[in-house]
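Taking it in order: structure first as C-alpha cells, then the write-up.
Sequential numbering from 1 along the given sequence is applied to the chain's residues. Whatever order the structure lists ligands and atoms in, that order sets their numbers, starting from 1. Everything quoted here is computed from the prediction, not taken from an experiment.
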Amino acid sequence: MIKGKYKRKDTCRFCGYNQFVEILDLGWQPLAGTFLKKEEIGKEKFYPLRLYQCLYCNLVQLKDIVPREELFQSFLSSVSMQPHFDELADILFKGFLTKGSFVVEIGSNDGVLLDPLQRRGAGVLGVEPVKHIAKLATKRGIKTINKFFDSKVAKQIGKKADMVVATNVLAHIDDMDDVMAGVNLLLKDKGLLVFEVHYLKDLVDKTQYDTIYHEHLSYYDLNSLTPFLTKHGLEVITVQSIPTHSGSIRVIAQKLGGDYIQAPPIREPKKDWNAFINKVNRSKIDLVSLLKKLVGDGKVIYGYGAAGRANTLLNFCGITTDLVKKIFDESPLRYGHYTPGTHIPVVYPDKDLPDYFIIFAWNYEKEIRNKLKDYKGKFIIPLPEVRVV
Ligand SMILES: [Zn+2]
C-alpha cells in the first residue's frame, strides 16, 4: 500500500482550539471517489481516515487533510436531484426572493438550482471549481466563475448579493473561516445564507459510517454550527431536516440584526460515541460473516450501485472479489473501472444476475428494488443493521 501525501491539521476548523478526542479510526483508506482503470490497480494511494471531535466547540471533523487537488471532483448527478432543487427554488421564491434578487451559489454544479431560480426571475451567478461542470452550466445559460469560492472571489464579484446558497458543499471545505468571510463580504445587510449539509445526528442514529470519507471534512450539528455562524456575524432563522443523503439539514441564516426573528437555540443531546462505535463494529462483523457463509454455501453475490460510500464500507470491512464478484453501476464514470483498495470490477448492469445483490446505496433501497422488480434473488442491505430481504 502506498501512502499518499496529506497534511495534519492541529486546530479546529470552526473554533481554532487544539484539543480533540478521537472518535473512530477507519484505518488507511484510498480516496472513495477514485475508481481505478485496470492499469491503476495497486497504484492507488492510502490516507488515514479518522474522525475526531473538538473538545471546545464539539465539531466532529477529519484532521488528516488530503490536498483538494488530489481529490476526485465529484458532483451529484443533477438529473436525479432536479426535483429537489426545483422545490427549493419554489421555497426560496415563496419566502425570501423576488424578481431581480441577486443570488450567488457556492459549488453551483451544472446550474441545477440556479437554472430554476433564473427562470423565476432572479439574477444568478455560480461559483464552481470543476472545469467541465462549470462549462456545462455556462452552456445552460448560467453565468459561472470556474474557481473555488473564497474571500478573494467574493471581492472580485464586486456586487452585493441578496442570497448566498451552498448545497452539499460546506462539509467539504477546509478553510471555512475564509469562506464565511467571503459570504459576509458578499451579502447585503439584509442578505441571507441558505445551505444544505449532511447532518451528524443522522450519521450517528443510522450508523452511516459509510458517509465518512476524505472529502467529507466536517460533520455538522447545531451545537458546533451556531457559535461558528455567530463568529462570522450570522444567526440562524430556520433549520429543517431534509432527506438528502439519507439525512441532511437545510439552514437559513441572516446577518446579525436582520429582519427575521432568530430561531430558538437548539442544544443537541451529547452523542454516545461508544454506542456508535459498537454499532459500526457489529455491522462489520455481521456483514462479513453473512457474506462468508453465503459464499461458502456456493451463492453468488454482486453489488449494486458503486457510489463513493461503497468504498468506505468495502475497505473498512475488507470485502474483495472473493466475496463480492462485481458491482453493477450505470455511471460511465464508474463502469469499466475497479473499486479503489478492494479492486472489485464495476460493470454496466446486464442480464447475468446473482443469488444476492448487496445494495451499497442503501439509502436508495426502494428505488433500486423497484428497478429490479423481475429479479428473483435476494437483497442484502448492509446498514444501519445488516438485513436480507
Ligand atoms: Zn472547535
Who are the ring-ring contact (aromatic ring centres under 6.0 Å, His included) partners of F96, not counting sequence neighbours?
Y260
Using a cut-off of 2.8 Å, how many protein N, O or S atoms sit around the Zn ion (ligand 1)?
4
Can you tell me how the ring of F14 sits relative to the ring of F228, calling it parallel under 30°, perpendicular over 60° and tilted otherwise?
parallel
Please tell me whether H198 and Q208 have a donor and an acceptor in their side chains that are separated by less than 3.5 angstrom.
yes
Give a yes-or-no answer on whether the side chains of N311 and T339 include a donor-acceptor pair shorter than 3.5 Å.
no
All pairs passing salt bridge (Lys or Arg N to Asp or Glu O under 4.0 Å) where residues 345-360 contributes a residue, at least two apart:
K326-D352
Any ring pair (Phe, Tyr, Trp, His ring centres under 6.0 Å) involving residues 266-295? Give me the pairs, sequence neighbours left out, ordered by first then second residue.
W273-F276
